[in-house]
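Everything numeric here is computed off the predicted structure, so don't read it as measured data.
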Amino acid sequence: MTTYSDLQLDALRELANIGSGQAAASLSSLLGKPTDISVPTAAALPLADAVAVAGQPDEERHGILVPIIGDMQAAVVLLVPDEDAQTLCSVYGLDPHSDDGRSMLQEVGNILGTSYINVLAQMTGMALEPAPPQVVHDMLGAILASVLMGRGEDLEVALVLDSDLTVEGEECSMSFLLLPESGGVEDLLARLGL
């Protein structure tokens with residue numbers, strides 16, 4: 001089992017906080033509402049443990065997948081519980097299960113994922129770019145099985161960032177997973193000098 005020091009986890013959490021700050025500014029512009037994002041929890045966990053932290057397999061989630069291409073093959077997965085997706089979409093009076101609601105969630109995931117990927121690229125010197133996001137609503141287990149299909153054998157550790165999003169006083173929780181292929185977290189830490 002891979003373990004990381006408090007210093008290494010603090011560095012990964014700081015990356016997430018910087019990305020969240022940039023994402024909050026972009027989301028404020030998109031939504032036209034004051035927006036804040038905090039990342040109270042950051043952990044690098046074996047894949048099975050990371051999946052367990054995200055919730056129970058039979059719980060419904062809205063999943064937004066942002067693949068990463070470039071120097072590190074990885075994916076960012078944003079998992080939003082149904083009630084929090086409804087809160088988020090209510091800003092525009094949308095149903096998260098409608099086409100417009102899914103488009104809004106896709107754009108929110110695109111902003112969050114892209115902000116984080118840009119921070120990773122800036123702070124590590126890696127050439128990283130986001131691919132177009134995909135959004136799906138399903139059971140958590142089904143979403144992650146789909147995401148991991150074709151990646152599982154090379155994916156040992158996931159970075160889990162539990163995040164709190166506040167839009168004009170309305171709170172939404174979400175899980176943010178960075179799923180790098182084998183050795184990705186170690187490569188990130190090495191480039192940060194840790």
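- No donor-acceptor pair closer than 3.5 Å links the side chain of Q22 to the backbone N or O of G19.
- With sequence neighbours excluded, the residues that form a side-chain hydrogen bond (donor to acceptor under 3.5 Å, both in side chains) with N110 are T114.
- Closest heavy-atom contact between V66 and P130: CG1-CB, 3.8 Å.
- Looking at every heavy atom in both residues, G113 comes nearest to V76 through CA-CG1, 4.2 Å.
- A heavy-atom distance below 4.5 Å is found between the side chains of I37 and L27.
- Looking only at side-chain heavy atoms (C-beta outward), V77 and L179 come within less than 4.5 Å of each other.
- Side-chain N/O atoms of Q86 and D82 include a donor and acceptor closer than 3.5 Å.
- In this structure, the side chains of L79 and L140 come closer than 4.5 Å at one or more pairs of heavy atoms.
- Considering CG of L128 and CD1 of I68, their distance stands at 6.0 Å, rounded to 0.5 Å.
- Pairing each heavy atom of Q134 with each of P67, the nearest pair is NE2-CG, 4.3 Å.
- Of the inter-residue distances, the one linking E107 atom CD with L112 atom CG reads 10.0 Å to the nearest 0.5 angstrom.
- Rounded to the nearest 0.5 Å, atoms CG (L177) and OG (S175) are 6.5 Å apart.
- To the nearest 0.5 Å, atom SG of residue C172 and atom CG of residue L165 are 5.0 Å apart.
- Contact annotation: the side chain of L31 never approaches that of E168 to less than 4.5 Å [non-hydrogen atoms, C-beta and beyond].
- Atom CD of E14 is separated from atom CE of M123 by 7.0 Å, given to the nearest 0.5 angstrom.
- Without hydrogens or angle criteria, D138 side chain to I143 main chain gives no donor-acceptor distance under 3.5 Å.
- Counting only residues at least two apart or in different chains, ring pair (Phe, Tyr, Trp, His ring centres under 6.0 Å) contacts with residues 112-131 comprise Y116-F176.
- Contact of the R61 side chain with the P81 side chain is registered, since non-hydrogen atoms from C-beta on lie closer than 4.5 Å.
- Between the side chain of T124 and the backbone N or O of L120, at least one donor-acceptor pair lies under 3.5 Å.
- Minimum interatomic distance between P34 and S28 (heavy atoms only, all atoms of both residues): C-OG, 4.1 Å.
- In this structure, a donor-acceptor pair under 3.5 Å is absent between the side chains of D36 and T166.
- Looking at heavy atoms from C-beta onward, L189 lies out of side-chain contact with E186 at the 4.5 angstrom threshold.
- Taking both residues in full, the closest heavy atoms of P180 and A74 are given as CA-CB, 3.5 Å, listed atom of the first, atom of the second, then distance.
- Distance alone, capped at 3.5 Å, places no donor-acceptor pair between the T35 side chain and the A24 backbone.
- Within the 3.5 Å criterion, the main-chain N or O of Q56 finds a donor-acceptor partner in the side chain of E59.
- A distance-only check finds no donor-acceptor pair linking the side chain of E171 to the backbone of D164 [under 3.5 Å].
- With a 4.5 Å cut-off on side-chain heavy atoms, L188 and L178 count as touching.
- Counting only residues at least two apart or on different chains, the ring pair (Phe, Tyr, Trp, His ring centres under 6.0 Å) pairs with a member in residues 70-115 are H62-H97, H97-H137.
- With hydrogens and angles disregarded, no donor-acceptor distance shorter than 3.5 Å links the side chain of S90 to the backbone of G93.
- The line from CG of L105 to CD1 of I64 is 5.5 Å long, rounded to the nearest 0.5 Å.
- Closest approach of I111 and A23 over heavy atoms only: CG2-O, 3.8 Å.
- Under the 4.5 Å side-chain heavy-atom criterion for grouping Ile, Leu, Val, Met, Phe, Trp and Tyr, M139 is not connected to V80 through any hydrophobic cluster.
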